[in-house]
Amino acid sequence: MFSHSLGIDISPSSIAFASKNAALNNLPSDRASFIAADASNLFANITFDAEETVVVIDPPRKGCDESFLRQLIRYGPARVVYVSCNVHTQARDVGSLVGGMEGVEGGAGPGKGVYEIESLRGFDFFPQTGHVEGVAVLRKKESSGGEQHGALVDAEVADAIAESNSTAGAGAADGVEDA
């Protein structure tokens, strides 16, 4: 499993609550720690080995900004779990991670996609409304083979999310399924 977890949020009060919650659950600070930080230069001081790291992101409704996505691709964690309340911005951002970003080197060559979709699922936590949480699990590609173009990837991601949302039904999903 994980030897250490690091929680990062822009809100200092969220960090205080997370730290208190960890203490209440007897999690030692050498296993779980929390820092308040802005996403503008987030990965600069992260010392975890990227090949052994999973980054879980849950951005606001507007999605991730380009600066954060560029940093994430350059850092290159083994997996990215992207949780979102807006499947449209999630599709846009996942498309950038899968299809690549102009001028960003993530190990597969500048502008080439670094990740592939491992699973994608919609969770209907609010029945009788149009709101669905999307969860995408991305895995870093083993090799740089199989070039795909951004527009094609964006369409594939949007189709997968739409299909996932249509199967979410009237209740919460039981778990993440393989795509």
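Bear in mind the structure is a predicted one, so any value in this text is a computation, not a measurement. When a residue number appears, it is its place in the shown sequence, counting from 1. Atoms considered below: every heavy atom in the structure, side chains included; atoms not considered: hydrogens, waters and symmetry mates.
Here the closest heavy-atom approach between residue Y115 and residue K141 is recorded as O-CE, 3.3 Å. Across A78 and E51, no two heavy atoms sit closer than the pair CB-O, 3.4 Å. Heavy-atom minimum distance, M101 versus S96: CG-CB, 3.8 Å. Contact between V94 and A136 at its shortest, heavy atoms only, is CG2-CB, 4.1 Å. Here the shortest heavy-atom pairing between S3 and R31 reads O-NE, 2.9 Å. Listed here is the closest heavy atom pair of V83 and P59: O-CD, 3.3 Å.
You'll find the side chain of L42 reaches within 4.5 Å of the side chain of I8, heavy atoms only. Side chains of V135 and L120 form no contact here, defined as non-hydrogen atoms less than 4.5 Å apart. Proximity of N25 to N21: side-chain heavy atoms (C-beta onward) are separated by under 4.5 Å at one or more points. Contact annotation: the side chain of V54 never approaches that of P77 to less than 4.5 Å [non-hydrogen atoms, C-beta and beyond]. At least one side-chain heavy atom of L69 sits less than 4.5 Å from a side-chain heavy atom of L97. In this structure, the side chains of Y82 and D58 stay at 4.5 Å or more apart for every pair of heavy atoms. Taking 4.5 Å as the limit, every side-chain heavy atom of V55 sits out of range of all side-chain heavy atoms of L138.
Ion pairing between R139 and E116 holds under the 4.0 Å rule for side-chain N and carboxylate O.
Using a distance-only test at 3.5 Å, with no hydrogens or angles considered, no donor-acceptor pair links the side chain of R79 to the main chain of V137. At distances below 3.5 Å, at least one donor-acceptor pair connects side-chain atoms of Q90 with backbone N or O atoms of G134. Although no hydrogens or angles enter the test, the distance criterion places a donor-acceptor pair under 3.5 Å between the side chain of H4 and the main chain of D30.
By the 4.5 Å side-chain criterion applied to Ile, Leu, Val, Met, Phe, Trp and Tyr, I15 is assigned to a cluster that also includes F34.
Here the CG-OG distance, from L6 to S33, works out to 4.5 Å after rounding to the nearest 0.5 Å.
By the 30° and 60° cut-offs, the orientation of the rings of Y75 relative to F43 is parallel.
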